[in-house]
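To start, the structure itself, in structure tokens.
Everything numeric here is computed off the predicted structure, so don't read it as measured data.
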Amino acid sequence: MTEPSHYGEPVVSERRADVSVLRPGAARGTPPLPRAEVRETHTAVVMFVGDRAYKVKKPVDLTFLDYTTVAARQTACEREVALNRRFAPDVYLGIGEFSSPDAELPEPVVVMRRMPTERRLSQLVREGMAVDDSLRAVARLLAAHHARAPRSREVDEQGTRDALSSRWEASFAQVRALSDDGAAPDGVEEVERLVRRYLAGRRHLFDTRIEQGRVVDGHGDLLAEDVFCLDDGPRVLDCLEFDDNLRYVDGLDDAAFLAMDLEQLGAPEAAAFFLAEYGEYSGDPAPPSLRHHYVAYRAFVRAKVSLIQARQGTPRAEAAARRLITTAVRHLRVSAVGLTLVGGLPGSGKSTLSGALADRLGVTLLSSDRLRKELAGIPAEQSAAAGYGEGLYSPEWTNKTYAALLDRASTLLSRGESVVLDATWTDAGQREAALRMAERTHADLVALHCRVPGETTAARLTTRAPGASDAGLDVATAMAATEPPWPEAVRVDTSGSLESAVVQALAAIRPHATSQVPVFRRPYMEPD
């Protein structure tokens, strides 16, 4: 399905006239009406007169819509009113008519309340006004609509992994077709690679979203320009009405449209705040990776539209496209699902670093020490100390523990959750099993090897408080004597401060990290 080219469509012409003198009583000193205005896009003409707005569809055929007959325009007007009343029932007043002596049929017109332009969300953001309360109200409105929106098999079909993949691929083809030589603009090849890798391993995630009822008949075109922040609550206008399939979206995708638009207005913190509020009101357990993916998707669609406008000669459209592609790349890099192995001998600081990384990245932490005792049915803090290779630390128990560790990680990765695995990783076979699992789930694997001088290990193991790990200095010494090399791992010196070790690790995990991307955090946890 081809995305519509009206996404983010700017005003292409505007005519104004002061008709306040036409208002009865104006000469007697009563307050004048707002200035009359006319705004025109590629599909409609909107006339603002007094406290009303009148929207007339143009008799155009744009392939994705055909308004060349009065009957078609009548149907389009009726659908626009019906669909938009879901979000702003007191704004869309109904259908009127314009008549002309030389017209065979009257022209249908959408009649609306005129909204105050100074209360547009986009204008408030540009002026640096505080908008948190307004964004919270919009998030609540959107989540409430999504909760009561009807579900159906037809709606669900648009939320599958393959349906989203098809929309991405159609946009890739369209962007390449816009180039005279078929070459993609800078950044597009990376977008293609990252999108395909993410989608390839996430079928389970999208199937789960459908099972949870997260795919809805939404707004479909949620721009800050069409949100008005009034004293009695927000009014959200101009939903996508001409193609139902493009309005059948994951609710998070619907919300991500506005988040993307807020970023383009220079307000990434507001974007992150809005998505966090939407997540709260909707009770949506979506992983951060999916939020970033949908923001990237909306940015790329908008970039495609800007490239079309650039071909048509619209000023600054090409620069806007480059900006939007860069936005898509940033979010896709952050959305990449990752498996981080944090290994090292007892006393190397691997567990401390693992916890700090999971907290900093907002991802799930799985610990072999805790899982080993869970499998044995004993509390994590209960001692199971034994000699090297004995008891719960025998080869059989160790193999069982690592197999369960990778199995749980595989499930999480397929759901779009990045994972940190805290274990010694001294066995080459277990490392290879982790690599194969990462390949199956199309996850980016990074291995970190924590190292400290022997005297530091001894000092730590003789002074640390009891915990999930039972290894003492004798076990650590025995393991050190047989520890094989781990050449593919990034060595992390954990003998200094924790922050220093975290910085070293993050440089390996997120080499393209940027503070310009909103952070969608979830607290790290181990699954029940």
If you measure from the Lys or Arg side-chain nitrogens to the Asp or Glu carboxylate oxygens, is any gap between [X] and [Y] under 4.0 Å?
{"X": "Arg196", "Y": "Glu169", "answer": "yes"}
{"X": "Glu189", "Y": "Arg193", "answer": "no"}
{"X": "Asp162", "Y": "Arg203", "answer": "yes"}
{"X": "Arg79", "Y": "Asp244", "answer": "yes"}
{"X": "Glu263", "Y": "Arg330", "answer": "yes"}
{"X": "Arg247", "Y": "Asp217", "answer": "yes"}
{"X": "Glu37", "Y": "Arg39", "answer": "yes"}
{"X": "Arg298", "Y": "Asp253", "answer": "yes"}

Verdict with supporting geometry, Tyr54 and Val111, side-chain contact (heavy atoms from CB on, under 4.5 Å)
CA-CA 5 Å; Tyr54 304 94; Val111 183; 3.9 Å; yes

Can you tell me how far apart [atom1] ([X]) and [atom2] ([Y]) are? Round to the nearest 0.5 Å.
{"X": "Arg176", "Y": "Lys304", "atom1": "CZ", "atom2": "NZ", "answer": "14.5 Å"}
{"X": "Gln158", "Y": "Ser152", "atom1": "CD", "atom2": "OG", "answer": "9.5 Å"}
{"X": "Thr41", "Y": "Asp238", "atom1": "OG1", "atom2": "CG", "answer": "8.5 Å"}
{"X": "Ser414", "Y": "Leu205", "atom1": "OG", "atom2": "CG", "answer": "8.0 Å"}
{"X": "Leu412", "Y": "Thr364", "atom1": "CG", "atom2": "OG1", "answer": "5.0 Å"}
{"X": "Ile509", "Y": "Leu357", "atom1": "CD1", "atom2": "CG", "answer": "4.5 Å"}

Using side chain to side chain contact (heavy atoms under 4.5 Å, CB included) as the criterion, point out the one residue from Val175, Asp186, Val188 that pairs with Ile325.
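Option passing the side chain to side chain contact (heavy atoms under 4.5 Å, CB included) with Ile325: Val188.
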
Run Val363 and Thr340 through side-chain contact (heavy atoms from CB on, under 4.5 Å) and show every step you take.
CA-CA 10 Å; Val363 303; Thr340 303; over 6 Å; no

Which residue pairs pass the salt bridge (charged side-chain N to carboxylate O under 4.0 Å, His left out) test when at least one of the two sits in residues 136-145, sequence neighbours left out?
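Sorted result for residues 136-145: Asp133-Arg136, Arg136-Glu277.
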
What residue pairs, at least two apart or across chains, pass ring-ring contact (aromatic ring centres under 6.0 Å, His included) with a residue in residues 105-146?
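Listed once each, the pairs are Phe87-His145, His146-Tyr278.
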
Neighbour count >12 (heavy atoms, 6.0 Å) for atom CD, Glu280
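No, not enclosed.
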
Test salt bridge (Lys or Arg N to Asp or Glu O under 4.0 Å) applied to Lys55 and Glu241, step by step:
CA-CA 14 Å; Lys55 186 174 184 179; Glu241 83 278 352; 5.8 Å; no

Tyr92: ring pair (Phe, Tyr, Trp, His ring centres under 6.0 Å) partners, not counting sequence neighbours
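Scan of Tyr92 (ring pair (Phe, Tyr, Trp, His ring centres under 6.0 Å), adjacent residues dropped) gives none.
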
Who passes side chain to side chain contact (heavy atoms under 4.5 Å, CB included) against [X], sequence neighbours left out?
{"X": "Thr63", "answer": "none"}
{"X": "Ala336", "answer": "Asp444"}
{"X": "Ala508", "answer": "Val446, Leu448, Val490"}

Yes or no on salt bridge (Lys or Arg N to Asp or Glu O under 4.0 Å) for Glu499 and Arg360, after CA distance, side-chain angles and deciding distance?
CA-CA 11 Å; Glu499 182 60 25; Arg360 188 72 61 89; 2.8 Å; yes

Between Thr327 and Gln264, does any side-chain donor sit less than 3.5 Å from a side-chain acceptor?
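The criterion, which ignores hydrogens and geometry beyond distance, is satisfied for Gln264 and Thr327.
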
Any side-chain donor near an acceptor of the partner, Ser335 and Tyr198, under 3.5 Å:
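No - no donor-acceptor pair under 3.5 Å links their side chains.
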
Before giving the answer on side-chain contact (heavy atoms from CB on, under 4.5 Å), spell out for Asp261 and Leu222 the whole-Å C-alpha distance, their side-chain angles and the decisive distance to 0.1 Å.
CA-CA 8 Å; Asp261 199 37; Leu222 193 56; over 6 Å; no

Would you please test Asp66 and Thr68 for side chain to side chain donor-acceptor pair (under 3.5 Å) and show each step?
CA-CA 6 Å; Asp66 183 354; Thr68 54; 2.6 Å; yes

Show, in sequence, the C-alpha distance, side-chain angles and deciding distance for Glu104 and Val70, and conclude whether the side-chain contact (heavy atoms from CB on, under 4.5 Å) test is met.
CA-CA 10 Å; Glu104 294 183 8; Val70 173; over 6 Å; no

Phe206 six-ring centre to Arg202 NZ/CZ under 6.0 Å and within 45° of normal
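Not flagged: Arg202 not positioned over aromatic ring of Phe206.
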
Nearest heavy-atom neighbours spanning Leu223 and Leu258
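Minimum heavy-atom separation between Leu223 and Leu258: C-CD1, 4.0 Å.
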
